Amino acid sequence: MAKESVKARARKKEATVAKYAAKRAALKAAGDYLALDKLPKDASPVRLHNRCKLTGRPRGYMRKFGINRVTFREMASAGLIPGVTKSSW
């Protein structure tokens with residue numbers, strides 16, 4: 001499990017990206033790259049990295065569910081994810 005400070009930093013970056021999204025889009029459409037350069041660096045969506053919403057693990061992230069593979073397997077085995085069952089044939 002990731003440290004709380006790392007998870008908090010990721011949440012803060014997500015909030016910054018959301019806050020400046022409209023302004024960034026307007027500046028890019030206008031071609032005003034000098035003003036775009038003056039925005040905070042964390043306002044760029046490229047700086048985000050997908051992390052598990054529950055544990056904060058950065059690797060093995062499954063976009064469809066928003067969690068990592070380890071947490072997904074535990075939750076699926078416990079029946080906590082609707083529509084997901086263990087396959088058998």
Side-chain angles (χ1 to χ4, degrees):
M1 179 137 44
K3 292 166 61 172
E4 288 299 317
S5 59
V6 173
K7 292 194 281 186
R9 196 176 322 133
R11 284 192 302 268
K12 186 176 179 183
K13 278 185 186 178
E14 288 174 9
T16 307
V17 168
K19 178 180 176 184
Y20 287 98
K23 190 171 187 178
R24 281 183 62 83
L27 290 173
K28 282 181 95 170
D32 189 1
Y33 297 108
L34 292 176
L36 194 62
D37 194 38
K38 292 181 181 175
L39 292 178
K41 287 187 187 253
D42 282 343
S44 173
V46 172
R47 293 174 66 97
L48 290 179
H49 193 275
N50 292 329
R51 287 186 170 270
C52 176
K53 301 296 181 206
L54 302 176
T55 62
R57 188 177 201 271
R59 295 183 177 210
Y61 181 81
M62 300 174 78
R63 285 180 188 222
K64 185 174 181 180
F65 301 98
I67 56 178
N68 67 11
R69 61 180 178 79
V70 178
T71 308
F72 175 80
R73 183 161 187 220
E74 290 171 357
M75 291 177 70
S77 295
L80 299 175
I81 303 175
V84 176
T85 56
K86 189 174 187 296
S87 67
S88 60
W89 59 92

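Sequential numbering from 1 along the given sequence is applied to the chain's residues. This one's a predicted model, so the numbers in the text were calculated from it and none came from an experiment.
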Interatomic spacing from [atom1] in [X] to [atom2] in [Y] - rounded to 0.5 Å:
X	Y	atom1	atom2	answer
Glu74	Asn68	CD	CG	8.5 Å
Arg9	Lys3	CZ	NZ	8.0 Å
Lys19	Leu39	NZ	CG	10.5 Å
Arg73	Lys86	CZ	NZ	7.0 Å
Thr71	Lys53	OG1	NZ	12.5 Å
Arg47	Thr16	CZ	OG1	10.0 Å

message: Quick check: do Thr55 and Val70 have side-chain heavy atoms less than 4.5 Å from each other?
response: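 No, their side chains stay 4.5 Å or more apart.
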
At their closest point, which heavy atom of [X] faces which heavy atom of [Y], and how far apart are they?
X	Y	value
Phe72	Ile67	CA-CD1, 3.6 Å
Gly56	Ala2	O-CB, 3.6 Å
Pro58	Tyr61	O-CB, 4.5 Å
Lys28	Tyr33	O-OH, 4.3 Å

message: Membership question, hydrophobic clusters at under 4.5 Å side-chain separation (ILVMFWY): are Met1 and Leu54 in the same one?
response: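 In one cluster: no.
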
message: Working note: Arg24 + Ser44, criterion side-chain contact (heavy atoms from CB on, under 4.5 Å); need CA distance, chi angles, decisive distance, verdict.
response: CA-CA 8 Å; Arg24 281 183 62 83; Ser44 173; 4.1 Å; yes

task: Considering only NZ, NE, NH1 and NH2 on the basic side and carboxylate oxygens on the acidic side, decide whether Lys7 and Glu4 come within less than 4.0 Å.
output: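 A salt bridge links Lys7 with Glu4.
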
- request: Look at atom CZ of Arg57 and say whether more than 12 heavy atoms of other residues, nucleotides or ligands are closer to it than 6.0 Å.
  value: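 Count over threshold, so yes.
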
